[in-house]
Amino acid sequence: MIAPSLLAADFSRVGEEVSRAIHAGADWMHMDVMDGHFVDNISFGPAMIQTVHESNDIFLDVHLMISRPDHYLERFISAGSDLITVHVEAEHDVAETLRRIREAGCQAGLALNPATPFSEVVPFLGEIDLLLCMTVVPGFGGQAFMPEVLEKISAATAFRQTNGLRYHVEVDGGIDATTAARCYSAGANVMVAGSSTFRAADMAAAITAIRTA
């Protein structure tokens with residue numbers, strides 16, 4: 001599945017950009033929420049999620065790169081998120097936050113940064129719908145793919161199979177047709193792509209290239 005990242009879109013016409021992605025073949029819309037604290041950048045908050053939710057019909061994959069996802073959680077649920085991903089490194093009770101997401105009727109995701117060992121998320125893998133393996137240091141778009149994360153993707157895939165689990169394995173950062181092929185071979189099945197989709201000369205062709213890589 002292909003999830004273009006709204007972070008790379010033209011913010012002056014968000015509704016049109018989301019519609020463009022849908023018509024180009026996007027499966028999900030990935031929305032990076034940054035608080036300027038957990039990562040050194042500020043993007044947007046619940047109002048943007050609500051705007052996209054109300055203006056288009058697409059699955060909203062909301063990635064909370066914020067220090068206290070537990071504190072802000074209800075606002076993102078109310079805004080129309082379909083899947084909410086929180087970081088294992090953030091300042092919260094991870095198990096409790098995941099429980100609250102699922103009890104609210106949303107799918108629950110857990111993310112880990114490139115420097116975080118896979119072992120940190122293992123205790124929670126039975127409670128999630130998606131594991132996001134960051135393939136860049138989070139905070140800014142346009143970074144180069146970090147191939148050392150491929151080993152973590154493989155570990156996540158093997159653990160899922162061994163333990164009879166069903167979570168998606170998502171990758172985010174430097175994803176294009178070339179790197180998507182490597183991630184897919186390692187076991188990832190959801191590709192977040194920002195610059196390589198929204199900023200491509202032909203978005204539909206770019207999405208097709210990633211999907212068929």
Worksheet item: What distance do Glu127 atom CD and Thr97 atom OG1 have between them, rounded to the nearest 0.5 Å?
Response: 12.5 Å
Worksheet item: Any sub-3.5 Å donor-acceptor pair from Asp202's side-chain atoms to Ala204's backbone N or O?
Response: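 Side chain of Asp202 to backbone of Ala204, a donor-acceptor pair under 3.5 Å: yes, one is there.
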Discussion item. For a quick test of reading the model, state the closest non-hydrogen atom pair linking Ser5 to Gly194 and the distance between them.
Written reply: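 Looking at all heavy atoms of both residues, the closest pair is CB-CA, 3.9 Å.
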Response to the item:
When every non-hydrogen atom of Ile175 is compared with those of Ala193, the smallest separation belongs to O-CB, 3.7 Å
Worksheet item: Heavy-atom count around Asp10 CG within 6.0 Å, excluding the residue itself: above 12?
Response: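 Above 12, so yes.
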Worksheet item: Heavy-atom distance under 4.5 Å between the side chains of Arg20 and Met203, does that happen here?
Response: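 In contact.
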Discussion item. Between Phe38 and Glu89, is there a side-chain heavy-atom distance shorter than 4.5 Å?
Written reply: yes
Worksheet item: Under a 4.5 Å cut-off applied to non-hydrogen side-chain atoms, are Val14 and Val52 in contact?
Response: yes
Discussion item. Run the side chain to side chain contact (heavy atoms under 4.5 Å, CB included) test on Val33 and Ile66 for me, step by step, so that the C-alpha distance in whole Å, both residues' side-chain angles and the decisive distance to 0.1 Å come before the verdict.
Written reply: CA-CA 7 Å; Val33 177; Ile66 62 179; 4.0 Å; yes
Worksheet item: Cluster question for you: counting only ILVMFWY and a side-chain heavy-atom cut-off of under 4.5 Å, with indirect links fine, are Leu6 and Phe76 together?
Response: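 Leu6 and Phe76: one cluster.
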Fill in: Arg211/Asp27 ion pair, N-O < 4.0 Å
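Answer for the salt bridge query: yes.
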Worksheet item: Which value, rounded to the nearest 0.5 Å, describes the distance between Ile49 atom CD1 and Met29 atom CE?
Response: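 Result: 11.0 Å between the selected atoms.
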Worksheet item: Are Met48 and Phe59 connected in a single hydrophobic cluster, I mean Ile/Leu/Val/Met/Phe/Trp/Tyr linked by side-chain heavy atoms less than 4.5 Å apart?
Response: no
Worksheet item: Is there side-chain contact between Asp35 and Ile42, with at least one heavy-atom pair below 4.5 Å?
Response: no
Worksheet item: Quick one: are Ser196 and Ile210 in side-chain contact, heavy atoms under 4.5 Å?
Response: yes
Worksheet item: Stepwise, does the salt bridge (charged side-chain N to carboxylate O under 4.0 Å, His left out) test hold for Arg100 with Glu96?
Response: CA-CA 6 Å; Arg100 287 173 57 198; Glu96 175 65 11; 5.1 Å; no
Worksheet item: CD1/Ile22 to CG/Asp57 distance, rounded to the nearest 0.5 angstrom?
Response: 7.0 Å
Solution key, residues 180-192 side-chain donor-acceptor pairs under 3.5 Å, sequence neighbours excluded:
{"from": "Ser185", "atom 1": "OG", "to": "Ala181", "atom 2": "O", "distance (Å)": "3.0"}
{"from": "Asn189", "atom 1": "OD1", "to": "Val169", "atom 2": "N", "distance (Å)": "2.9"}
{"from": "Asn189", "atom 1": "ND2", "to": "His168", "atom 2": "ND1", "distance (Å)": "2.9"}

Response to the item:
Between Arg102 and Gly126, the two heavy atoms sitting closest are NH1-O, 4.3 Å
Item to complete: To the nearest 0.5 Å, tell me how far Phe159 CZ sits from Tyr167 OH.
Response: 6.0 Å
Practice prompt. Give the minimum heavy-atom separation between Ala8 and Ser195, together with the two atoms involved.
Written response: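 Heavy atoms only, the tightest pair is CB-N, 3.7 Å.
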Discussion item. Show the nearest heavy-atom pair for residues Ser119 and Pro123, with the distance to one decimal.
Written reply: O-CD, 3.5 Å
Worksheet item: With a 4.5 Å limit on heavy-atom distance, are the side chains of Thr85 and Ile128 in contact?
Response: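 Not touching, per the 4.5 Å side-chain cut-off.
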Fill in: Connected via hydrophobic side-chain network under 4.5 Å: Phe11 and Leu60
yes
Worksheet item: What pair of heavy atoms forms the shortest contact from Asn56 to Gly15, and how long is it?
Response: ND2-O, 3.4 Å
Worksheet item: Hey, are Asn113 and Thr116 close enough side-chain-wise for a donor-acceptor pair under 3.5 Å?
Response: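 The answer is no; no qualifying pair exists.
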Fill in: Donor-acceptor contact below 3.5 Å, side chain His23 vs main chain Ser19
yes
Discussion item. Using the rule that Ile, Leu, Val, Met, Phe, Trp and Tyr join whenever any side-chain heavy atoms are under 4.5 Å apart, tell me whether Leu98 and Phe118 fall into a single cluster.
Written reply: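 Linked, Leu98 and Phe118 end up in one cluster.
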Discussion item. Working to the nearest 0.5 angstrom, can you tell me the gap between Leu64 CG and His92 NE2?
Written reply: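 Between atom CG of Leu64 and atom NE2 of His92 there are 9.5 Å.
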Practice prompt. Indicate yes or no for a side-chain donor-acceptor contact from Ser78 to the backbone of Arg75 under 3.5 Å, with no hydrogens or angles considered.
Written response: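 Not confirmed, Ser78 side chain does not pair with Arg75 backbone.
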Discussion item. Which residues pass the ring pair (Phe, Tyr, Trp, His ring centres under 6.0 Å) test with His30, not counting sequence neighbours?
Written reply: His63
Would you be so kind as to tabulate the donor-acceptor pairs closer than 3.5 Å made by side chains of residues 130-148, with sequence neighbours excluded?
{"from": "Thr135", "atom 1": "OG1", "to": "Asp172", "atom 2": "O", "distance (Å)": "2.9"}
{"from": "Thr135", "atom 1": "OG1", "to": "Gly173", "atom 2": "N", "distance (Å)": "3.3"}
{"from": "Thr135", "atom 1": "OG1", "to": "Gly173", "atom 2": "O", "distance (Å)": "2.7"}
{"from": "Gln143", "atom 1": "NE2", "to": "Val137", "atom 2": "O", "distance (Å)": "2.6"}
{"from": "Gln143", "atom 1": "NE2", "to": "Phe140", "atom 2": "O", "distance (Å)": "2.9"}

Worksheet item: So how far is it from Met1 CE to Ile207 CD1, rounded to the nearest 0.5 Å?
Response: 13.5 Å
Discussion item. When you compare the side chain of Arg160 with that of Leu125, does any pair of heavy atoms fall below 4.5 Å?
Written reply: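 The answer is no, as the side chains (C-beta and beyond) never meet within the 4.5 Å cut-off.
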Discussion item. Test of understanding: clusters of I, L, V, M, F, W, Y form through side-chain heavy atoms closer than 4.5 Å, transitively. Do Leu73 and Phe44 belong to the same one?
Written reply: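 Yes.
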Worksheet entry | Side chain Glu91, main chain Ser67, donor-acceptor under 3.5 Å |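 Such a contact is absent between Glu91 side chain and Ser67 backbone.
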Worksheet item: With a 3.5 Å cut-off and no angle check, do the side chains of Ser43 and Asp32 form a donor-acceptor pair?
Response: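 No, no side-chain donor-acceptor pair sits under 3.5 Å.
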Worksheet item: More than 12 heavy atoms of other residues, nucleotides or ligands under 6.0 Å from OH of Tyr72: is that the case?
Response: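 At most 12 heavy atoms, drawn from other residues, nucleotides or ligands, come within 6.0 Å of this atom.
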Worksheet entry | Any Met31 side-chain heavy atom under 4.5 Å of Asp61 side chain | no
Worksheet item: Would a distance-only check, ignoring hydrogens and angles, find a side-chain to backbone donor-acceptor pair under 3.5 Å from Lys152 to Pro114?
Response: yes
Worksheet item: Does the Thr179 side chain pair with the main chain of Gly174, one donor and one acceptor, at a distance under 3.5 Å?
Response: yes
Practice prompt. Would you check if the side chain of Asp176 reaches a backbone N or O of Thr178 as a donor-acceptor pair within less than 3.5 Å?
Written response: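 Side chain of Asp176 to backbone of Thr178: a pair is present.
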